[in-house]
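Heads up, the thing below is written out as structure tokens.
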Amino acid sequence: MATESSGVAPVLAPKLAAIAGLVVCRDEPLAKHCTFQIGGAVEWYLEVEGTAALAAVLALVVEHETPFQILGLGSNILFPDAGLPGIVARLSGDFRRLEIAGTTVTAGAALSLAQVARRTAQAGLVGLEALSGFPSTVGGAVYMNAGCYGTEIRDVLASAALLDPDGTGRRVTAEELEPGYRETNLQGTSTIVTEAVFELAVGEAAAAVARIDELNRRRWQSLPSGVANAGSIFKNPPGDYAGRLVDECALKGRASGGARISPRHGNVIVNEGGAKALDVLALMLEMRRSVRERFGIELVPEVILAGRLAEIWRADAA
Ligand SMILES: Cc1cc2nc3c(=O)[nH]c(=O)nc-3n(C[C@H](O)[C@H](O)[C@H](O)COP(=O)(O)OP(=O)(O)OC[C@H]3O[C@@H](n4cnc5c(N)ncnc54)[C@H](O)[C@@H]3O)c2cc1C
């Protein structure tokens, strides 16, 4: 049962049930839907199969002032132990369409970026290989301007289709998203990415697929495997690495409840089983404090802190 409530459940229930193209789950544990495997229940968990259903949900969100969060693969998010009030929605159905026309690739926001990279490589198109080694939807990667091995999504993104909270659809170029290091101007807004258009280059299919396999092998050697995590916890400060700074503070291996700073990588926190969001947050606060004291550098979270966790994080900085 969600411990937080938006208070509009009795009104919302019949209205959600009346929308076609929606799978509706009540009091759904968020731990099931993120790679950290942490988080209490959300009041409403929706799978949204098309633009009409998404627009109808957004209209209800505005009408009832209901908290709303869109979710991709949940690979860069920490949900609170008390869960979330309102709605968490994941895109599916029509949002999984992939179209390849010449060197132009149109990908629905719900597709796995790794799958898009592999399928375009198999079709003899290159550009996405370096972005295939981490869990992400296309929408989540655009929102985060995700990147790896010196390539960012902005490098291959021609445009993105967006849906604003008032139900207005629009298309923007990559530059209009003002992409920076793991950031875009979508962050802090409720605008949803529904589709991305990539402009790729012609290459040799076998070589592109081999490059994906090689980069993935390298990647998984450097990260903790077989244990729940959300990748990098902090952004790298300019000219340095968050993992190195944490390592210098002798924090690698430090535990709080079921969470531990990975002994393999100082910028990754792993859930060893039964970790609470507050265990992860306690480690993050300790990492920030130690790095600030030792180096005078302020670590900035890369992982999205959902609900009250963001407030706790900000309050502790004061
Ligand atoms: C093992 C591991 C390795 C990782 N390595 C890397 C790496 O090398 N490089 C890197 O950049 N990241 C890495 N990450 C982090 C993560 O994979 C990326 O940030 C990824 O792009 C998040 O995508 P997602 O679909 O899982 O988004 P989620 O984690 O589900 O969501 C993240 C944020 O994006 C928003 N969002 C999701 N979908 C949409 C949408 N359609 N429209 C608008 N907003 C949306 C959510 O609301 C949330 O605020 C790694 C994570 C793990 C677990």
Side-chain angles (χ1 to χ4, degrees), residues 30 33-39 42 45 48 51 54 58 67-79 84 87-92 95-96 107-117 130-155 157 160-165 169 172 177 179-196 215-216 218-236 243 262 264-265 267-271 301-307 309-310:
L30 288 164
H33 299 284
C34 60
T35 59
F36 245 143
Q37 298 172 15
I38 293 173
V42 63
Y45 175 82
V48 188
T51 308
L54 184 56
L58 291 180
F68 177 86
Q69 168 109 43
I70 194 87
L71 186 64
L73 289 184
S75 63
N76 197 38
I77 196 158
L78 181 64
F79 289 117
L84 289 175
I87 295 172
V88 166
R90 186 170 260 171
L91 304 179
S92 64
F95 297 107
R96 291 188 198 279
L111 282 168
S112 143
L113 187 61
Q115 278 171 16
V116 175
L131 300 172
S132 67
F134 53 91
S136 182
T137 57
V138 165
V142 171
Y143 177 92
M144 292 301 302
N145 186 29
C148 200
Y149 293 126
T151 301
E152 291 178 329
I153 200 101
R154 68 186 293 178
D155 301 331
L157 184 69
L162 307 178
L163 194 67
D164 285 325
V172 293
L177 293 172
Y181 170 50
R182 301 298 176 268
E183 66 181 28
T184 62
N185 59 15
L186 296 172
Q187 292 171 13
T189 75
S190 302
T191 295
I192 297 169
V193 179
T194 55
E195 181 183 280
L215 289 177
N216 284 357
R218 249 210 273 164
R219 180 120 190 93
W220 293 113
Q221 273 165 9
S222 68
L223 284 172
S225 63
V227 59
N229 70 86
S232 296
I233 283 290
F234 294 106
K235 296 183 187 189
N236 286 322
S262 168
R264 231 172 134 181
H265 196 308
N267 196 21
V268 175
I269 294 178
V270 297
N271 173 4
E302 178 171 326
V303 72
I304 305 288
L305 299 171
L309 298 175

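As the structure lists them, so they are numbered: ligands from 1, and atoms in each ligand from 1. The basis for the numbers below is simple: all heavy atoms, side chains too, and nothing from hydrogens, waters or symmetry mates. If you read the sequence from its start, that first residue is 1, and numbering goes on from there.
Closest non-hydrogen pair, F134 versus R219, comes out as CB-NE, 4.4 Å. Closest approach of N76 to M144, counting heavy atoms only: ND2-CE, 3.0 Å. Closest of all the heavy-atom pairs between F36 and L78 is CD1-CD1, 3.8 Å. Taking all atoms of both residues into account, the shortest heavy-atom contact from L54 to F95 is CD2-CZ, 4.0 Å.
Applying the 4.0 Å criterion to heavy atoms of A146 picks out, from ligand 1, the atoms 11 (O), 21 (O). Short contacts between ligand 1 and T35, defined as distances under 4.0 Å to a heavy atom of the residue, involve ligand atoms 53 (C). For ligand 1, the atoms sitting less than 4.0 Å from at least one non-hydrogen atom of L71 are 30 (O), numbered in the order shown with element in parentheses. Within ligand 1, the atoms closer than 4.0 Å to a non-hydrogen atom of M144 are 19 (O), numbered from 1 in the order shown. In summary, the atoms of ligand 1 found under 4.0 Å from a heavy atom of A230, numbered by their order in the structure, are 51 (C), 52 (C), 53 (C). The distance from ligand 1 to the heavy atoms of T191 drops below 4.0 Å at these ligand atoms: 43 (C). Heavy-atom contacts of N229 reach the following atoms of ligand 1: 1 (C), 53 (C) (cutoff under 4.0 Å). For ligand 1, the atoms closer than 4.0 angstrom to any heavy atom of I192 are 42 (N), 43 (C).
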Exercise. Given side-chain contact (heavy atoms from CB on, under 4.5 Å), test I233 with V268 step by step and report yes or no.
Key: CA-CA 6 Å; I233 283 290; V268 175; 5.8 Å; no
Quiz prompt | Working for side-chain contact (heavy atoms from CB on, under 4.5 Å), residues L30 and I77 | solution = CA-CA 10 Å; L30 288 164; I77 196 158; over 6 Å; no
Self-check item: Derivation of the side-chain contact (heavy atoms from CB on, under 4.5 Å) call for I269 and V303
Solution: CA-CA 11 Å; I269 294 178; V303 72; over 6 Å; no
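Under 4.0 Å from ligand 1, heavy atoms of P135 appear from its side chain as well as its backbone. The proximity of V142 to ligand 1, defined as any non-hydrogen pair under 4.0 Å, does not occur for either the backbone or the side chain. With a 4.0 Å heavy-atom cut-off, ligand 1 is reached by the side chain of I304 but not by its N, CA, C or O.
The OG atom of S92 lies 11.0 Å from the CG atom of L111; values are rounded to the nearest 0.5 Å. Taking OG1 of T137 as the reference point, atom CG of L71 lies at 8.0 Å (rounded to 0.5 Å). Atom CD1 of residue I87 and atom CD1 of residue I70 lie 10.5 Å apart, to the nearest 0.5 angstrom. Within the model, atoms CG of L309 and CZ of F79 stand 10.0 Å from one another, a figure rounded to the nearest 0.5 Å.
Among V193, T189, L73, the residue whose heavy atom lies nearest to atom 41 (N) of ligand 1 is V193. Comparing heavy-atom distances from atom 9 (N) of ligand 1 across C148, G147, A228, S232 singles out G147 as nearest.
Scanning the protein for heavy atoms near atom 21 (O) of ligand 1, the closest one is S136 OG, 2.8 Å. Of the protein's non-hydrogen atoms, the one nearest atom 39 (C) of ligand 1 is I70 CG2, 3.6 Å. When hydrogens are left out, the protein atom nearest atom 50 (C) of ligand 1 is G231 CA, 3.9 Å; that is the closest non-hydrogen contact. Of the protein's non-hydrogen atoms, R219 NH2, 3.4 Å is the one closest to atom 7 (C) of ligand 1. Atom 27 (O) of ligand 1 has its closest protein heavy atom at G140 CA, 3.9 Å. Closest to atom 28 (P) of ligand 1 among all protein heavy atoms lies G74 N, 3.6 Å. Looking only at heavy atoms of the protein, atom 25 (O) of ligand 1 is closest to T137 OG1, 2.6 Å. Atom 26 (O) of ligand 1 has S75 OG, 2.7 Å as its closest protein atom, hydrogens excluded (heavy atom only).
In this structure, V138 falls outside the shell of residues with a heavy atom less than 4.0 angstrom from ligand 1. Within the 4.0 Å heavy-atom shell around ligand 1 one does not find L186.
Side-chain atoms of S132 never come within 3.5 Å of backbone atoms of A117 as a donor-acceptor pair (strictly under, hydrogens ignored). Of the possible donor and acceptor atoms, none in the side chain of T184 sits under 3.5 Å from a partner among the backbone N and O of P179.
Geometrically, ligand 1 and G72 share a nitrogen or oxygen pair separated by less than 3.5 Å.
Side chains of L186 and L177 form a contact here, defined as non-hydrogen atoms less than 4.5 Å apart.
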